[in-house]
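In what follows, a structure is listed as structure tokens, so that the remarks can point back to it.
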Amino acid sequence: MPVTVVVGAQWGDEGKAKIIDLLAADHSHVVRYQGGHNAGHTVVVGSERYALQLIPSGVLYPHIVPVIGNGVVVDLPTLFKEIDTLASRGIDCSRLRVSSIAHLIFPWHQSLDALYEAGRGDDRIGTTLKGIGPAYADKARRRGLRAGEVLDPDGFAIAVKAQTLAHNAEIVALGGEALDPEVVVSQFTALAARLAPYVCDTVELLHDALDRDEPLLLEGAQATFLDLDHGTYPFVTSSNPTAGGACVGTGIGPRYLTRIVGISKAYSTRVGSGPFPTELTDELGDKLVEIGREFGTVTGRRRRCGWIDCVMLRKAVRLNSLTELALTKLDVLDTFDEIKVCTEYDAQGRPVYAVLPGWLTSIAEVTTLGALPQNARALVSLIEQEVGIPISIVGTGAERDSYVMWQ
Ligand code: GDP
Ligand code: IMO
Ligand code: MG
């Protein structure tokens with residue numbers, strides 16, 4: 001049975017959630033496989049805008065079972081805030097399932113994230129300060145607490161207290177403020193009781209669904225070039241957003257993955273520090289920020305903007321075995337006289353551009369390929385040719401229905 005993976009092909013915020021929402025209609029489960037509440041996934045339906053951090057983007061469909069897989073690091077205050085906010089808007093999350101072996105984020109991870117960033121000074125990564133890196137570090141150090149541990153409330157409380165004290169030593173050594181173990185234990189005892197009904201063996205759950213021939217959708221957070229191994233290290237996140245991470249982070253072996261959809265904007269953005277070969281630091285960059293509303297969903301930070309980079313997209317095809325590309329936010333380029341596409345780097349590593357004329361008209365209402373202006377079609381065709389895989393969907397606006405099927 002087909003398993004579809006959706007992966008960011010750039011540095012995040014490509015519009016993954018919008019495409020996931022679109023594809024979810026034909027799937028039974030939507031599964032987050034890595035990252036945590038550093039993600040900000042926006043789905044727009046009519047006048048309603050949903051900004052999701054931990055809950056899988058398929059949640060808006062009543063038939064979808066949303067699953068938080070084992071590869072995710074889960075911040076319980078954020079999870080329940082999100083569940084409550086969705087409930088207040090009429091979205092029921094009782095179908096949600098959380099892997100018993102997913103690791104939990106605690107306040108000490110957030111304290112340490114901030115202290116490590118401060119310690120790096122000018123070399124700071126520009127993390128979201130959500131405690132993601134320290135939580136995965138504890139997982140790798142084999143001392144993290146996992147969701148299943150909430151099923152033993154007494155043992156969980158003892159472990160939380162011991163962990164608070166252990167982490168306090170490092171927090172204080174780095175100049176931070178010690179956490180009060182009683183406060184943390186009391187907060188997390190209440191959260192643990194709320195989490196318990198959602199916890200299960202999601203590997204079994206997903207394989208039972210596969211045995212019933214149900215199609216699954218695996219939702220990537222972050223992106224290929226934020227991947228801990230394949231991204232622009234050290235300016236990366238601490239998990240593996242690339243498609244291989246979808247196998248590890250769900251417990252579904254590679255032979256099930258049949259459709260691997262890379263998501264790219266028609267230009268590039270990056271939030272946080274690190275290399276960005278096609279970055280525009282002039283007024284064209286400001287124009288992309290303004291028209292594309294390029295401010296982080298989670299942190300509100302201004303995203304750095306630049307032209308699309310096909311050298312990186314070709315690399316993303318290899319790293320993820322992408323079978324197709326969805327190109328989002330084409331409409332943001334509506335008012336640009338000229339549009340550049342980086343096709344290669346020169347000997348010095350500088351981008352070499354193809355320059356195309358813009359279409360200078362709104363494509364917001366366009367719903368068919370034939371109605372797309374000739375210059376817009378030429379741009380998409382060039383990107384498709386340069387990247388070397390089919391483009392399947394082109395985004396023409398933030399709303400659920402704003403897209404054109406390219407194939
Ligand atoms: P994600 O993290 O990859 O899911 O992306 P984000 O939600 O962080 O950022 C993408 C932003 O672009 C959101 O505000 C979306 O509503 C918006 N968006 C997605 N697709 C399109 C599109 O085709 N056109 C426009 N104008 N906006 C889009
Ligand atoms: P979505 O899923 C864009 C970036 C941060 C920082 C680096 C490490 O919405 O695409 P972290 O807090 O993960 O340790 O930060 O990764 N980053 C993202 N950038 N979109 C995201 O998620 C991101 N999640 C993390 O800005 O540069
Ligand atoms: Mg985002």
Side-chain angles (χ1 to χ4, degrees), residues 6-22 32-45 48-54 56-57 72-73 75 105 109-110 112-114 116-117 124-137 219-228 231-239 241 262-276 288 291-304 326-334 362-364 366 393-404:
V6 170
V7 187
Q10 298 171 309
W11 285 289
D13 304 323
E14 296 91 348
K16 296 179 290 294
K18 182 208 159 152
I19 303 295
I20 290 161
D21 170 68
L22 205 63
R32 275 283 304 270
Y33 59 83
Q34 45 67 235
H37 64 313
N38 49 348
H41 292 178
T42 318
V43 179
V44 181
V45 185
E48 296 292 315
R49 181 178 174 277
Y50 302 90
L52 305 165
Q53 289 180 258
L54 273 168
S57 300
V72 175
V73 283
D75 184 76
I105 297 189
H109 294 129
Q110 272 127 23
L112 288 170
D113 201 348
Y116 294 154
E117 278 288 85
R124 69 182 170 278
I125 292 160
T127 75
T128 58
L129 301 176
K130 302 293 183 193
I132 305 294
Y136 278 116
E219 170 171 7
Q222 291 79 56
T224 302
F225 296 102
L226 290 173
D227 186 280
L228 181 58
T232 49
Y233 191 91
F235 302 103
V236 293
T237 192
S238 299
S239 66
I263 317 293
S264 169
K265 292 182 196 185
Y267 50 98
S268 301
T269 66
R270 174 164 205 168
V271 56
S273 318
F276 186 169
L288 283 170
I291 301 176
R293 298 195 193 139
E294 296 296 352
F295 294 92
T297 320
V298 175
T299 58
R301 287 179 294 173
R302 185 184 196 276
R303 297 178 184 140
R304 300 154 64 195
L327 192 71
T328 60
K329 302 190 98 164
L330 187 66
D331 55 296
V332 173
L333 301 176
D334 279 353
S362 170
I363 59 167
V366 173
I393 303 169
V394 175
T396 55
E399 223 269 325
R400 181 182 264 177
D401 298 329
S402 300
Y403 66 92
V404 168

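It should be emphasised that the depicted structure is a prediction, and the values quoted were computed from it without experimental measurement. Note that the numbering runs from 1 along the sequence shown for the chain. Every number for a ligand or one of its atoms is a count from 1 in the order of the listing.
- Closest to atom 12 (O) of ligand 1, if we only count protein heavy atoms, is Lys329 NZ, 3.1 Å.
- In Trp11, the part holding a heavy atom less than 4.0 Å from any atom of ligand 2 is the backbone.
- At a cut-off of 2.8 Å, Gly40 is counted among the residues with an N, O or S atom near the Mg ion (ligand 3).
- Residue Thr128 has at least one N or O atom closer than 3.5 Å to an N or O atom of ligand 2.
- At a 4.0 Å cut-off, not a single heavy atom of Asp113 sits close enough to ligand 2 to count as contact.
- Ion pairing of Arg303 with Asp13 is present here, as a side-chain N (NZ or NE/NH1/NH2) and a carboxylate O approach within less than 4.0 Å.
- In terms of polar-atom proximity, Glu14 is not counted as a contact of ligand 2, lacking any N or O under 3.5 Å from an N or O of the ligand.
- Of all the listed residues (Gly296, Ala398, Ala223), Ala398 holds the heavy atom that lies closest to atom 18 (N) of ligand 1.
- At a threshold of 4.0 Å, the pair Glu294-Lys329 counts as salt-bridged, since one of the basic side-chain nitrogens sits closer than that to a carboxylate oxygen.
- Evaluated by nearest non-hydrogen atom to atom 13 (O) of ligand 2, the leading choice among Thr237, Asp13, Thr299 is Thr237.
- Geometrically, ligand 1 and Thr328 share no nitrogen or oxygen pair separated by less than 3.5 Å.
- The environment of CZ in Arg124 is sparse: at most 12 heavy-atom neighbours from other residues, nucleotides or ligands sit within 6.0 Å.
- An N or O contact shorter than 3.5 Å links Asn38 to ligand 2 by distance.
- Of the charged side-chain nitrogens involved, at least one lies within less than 4.0 Å of a carboxylate oxygen, so that Asp21 and Arg400 count as a salt-bridged pair.
- The pair Glu399-Arg49 fails the salt-bridge criterion, with no side-chain N (NZ, NE, NH1 or NH2) lying under 4.0 Å from an Asp/Glu carboxylate O.
- The side-chain heavy atoms of Lys265 and Thr269, taken from C-beta on, include a pair separated by under 4.5 Å.
- Residue-level proximity to ligand 1 for Lys16 is carried by backbone and side chain together, each with a heavy atom below 4.0 angstrom.
- Val73 and Leu54 get closest at one heavy-atom pair: O-CD2, 4.0 Å.
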Could you walk me through whether Arg304 and Ser273 pass the side chain to side chain donor-acceptor pair (under 3.5 Å) test, one step at a time?
-> CA-CA 9 Å; Arg304 300 154 64 195; Ser273 318; 6.0 Å; no
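- Residue Val271 places at least one N or O, backbone or side chain, under 3.5 Å from an N or O of ligand 2.
- Under 4.0 angstrom from ligand 1, the non-hydrogen atoms of Thr42 come from both its backbone and its side chain.
- Without hydrogens or angle criteria, Tyr116 side chain to Gly133 main chain gives no donor-acceptor distance under 3.5 Å.
- Contact of the Ile263 side chain with the Val6 side chain is registered, since non-hydrogen atoms from C-beta on lie closer than 4.5 Å.
- Under 4.0 Å from ligand 1, heavy atoms of Asp13 appear from its side chain as well as its backbone.
- Taking a cut-off of under 4.0 Å to the non-hydrogen atoms of Ala221, the atoms of ligand 2 that pass are 2 (O).
- Every residue two or more places apart in sequence or in another chain was checked for a side-chain hydrogen bond (donor to acceptor under 3.5 Å, both in side chains) with Thr328, and none qualifies.
- Taking every non-hydrogen atom of Thr297 and a distance limit under 4.0 Å, the qualifying atoms of ligand 1 come out as 8 (O).
- Looking at Thr396 against ligand 1, only its backbone comes within 4.0 Å, counting heavy atoms.
- Asp75 has its side chain within reach of Gln110: a pair of non-hydrogen atoms, C-beta onward, lies under 4.5 Å apart.
- Taking a cut-off of under 4.0 Å to the non-hydrogen atoms of Lys16, the atoms of ligand 2 that pass are 1 (P), 2 (O), 10 (O).
- Less than 4.0 angstrom separates some heavy atom of Gly395 from each of these atoms of ligand 1: 23 (O).
- Using a 4.0 Å cut-off to heavy atoms of His41, the atoms of ligand 1 that qualify are 1 (P), 2 (O), 4 (O), 7 (O).
- At least one heavy atom of Gly40 sits less than 4.0 Å from an atom of ligand 2.
- Side-chain atoms of Tyr233 never come within 3.5 Å of backbone atoms of Asp227 as a donor-acceptor pair (strictly under, hydrogens ignored).
- Scanning all protein heavy atoms for the shortest distance to atom 4 (O) of ligand 1 gives Ala17 N, 2.9 Å.
- Closest approach between the Mg ion (ligand 3) and any N/O/S atom of Asp13 involves OD1.
- Distances from ligand 1 to the non-hydrogen atoms of Gly397 include at least one value under 4.0 Å.
- Contacts with ligand 1 closer than 4.0 Å are made by side-chain heavy atoms of Arg303 only, the backbone lying farther away.
- Applying the 4.0 Å criterion to heavy atoms of Gly272 picks out, from ligand 2, the atoms 27 (O).
- Contact analysis puts Gly126 in contact with ligand 2, with a non-hydrogen atom separation below 4.0 angstrom.
- The protein non-hydrogen atom at the shortest distance from atom 15 (O) of ligand 2 is Thr127 CA, 3.4 Å.
- Gln53 contributes a side-chain N or O that, together with a main-chain N or O of His37, makes up a donor-acceptor pair within less than 3.5 Å.
- Close approach of ligand 1 to Lys18 (heavy-atom distance below 4.0 Å) involves ligand atoms 19 (C), 20 (N), 23 (O).
- In the displayed structure, Arg302 atom CZ is contacted under 6.0 Å by more than 12 heavy atoms of other residues, nucleotides or ligands.
- Of the possible donor and acceptor atoms, one in the side chain of Thr396 sits under 3.5 Å from a partner among the backbone N and O of Tyr403.
- Of the possible polar contacts, one joining the Asp334 side chain to the Ile363 backbone as a donor-acceptor pair under 3.5 Å is found.
- Interface of Arg301 with ligand 2, defined as ligand atoms under 4.0 Å from a residue heavy atom, comprises 5 (C), 26 (O).
- Residue contact check: Glu14 has heavy atoms under 4.0 Å from atoms 3 (O), 5 (O) of ligand 1.
- The heavy atom nearest to atom 24 (N) of ligand 2, considering only Gln222, Arg270, Arg303, Gln10, is found in Gln222.
- Looking only at heavy atoms of the protein, atom 2 (O) of ligand 1 is closest to Gly40 O, 2.9 Å.
- Scanning the protein heavy atoms around atom 26 (N) of ligand 1, the nearest turns out to be Asp331 OD2, 2.7 Å.
- Without hydrogens or angle criteria, Lys18 side chain to Gly395 main chain gives no donor-acceptor distance under 3.5 Å.
- For the pair His41 and ligand 2, the shortest N or O to N or O distance falls below 3.5 Å.
- Of the listed options Val236, Leu226, Leu129, Val236 places a heavy atom closest to atom 8 (C) of ligand 2.
- Taking any N or O of Gly15, backbone or side chain, at least one lies under 3.5 Å from an N or O belonging to ligand 1.
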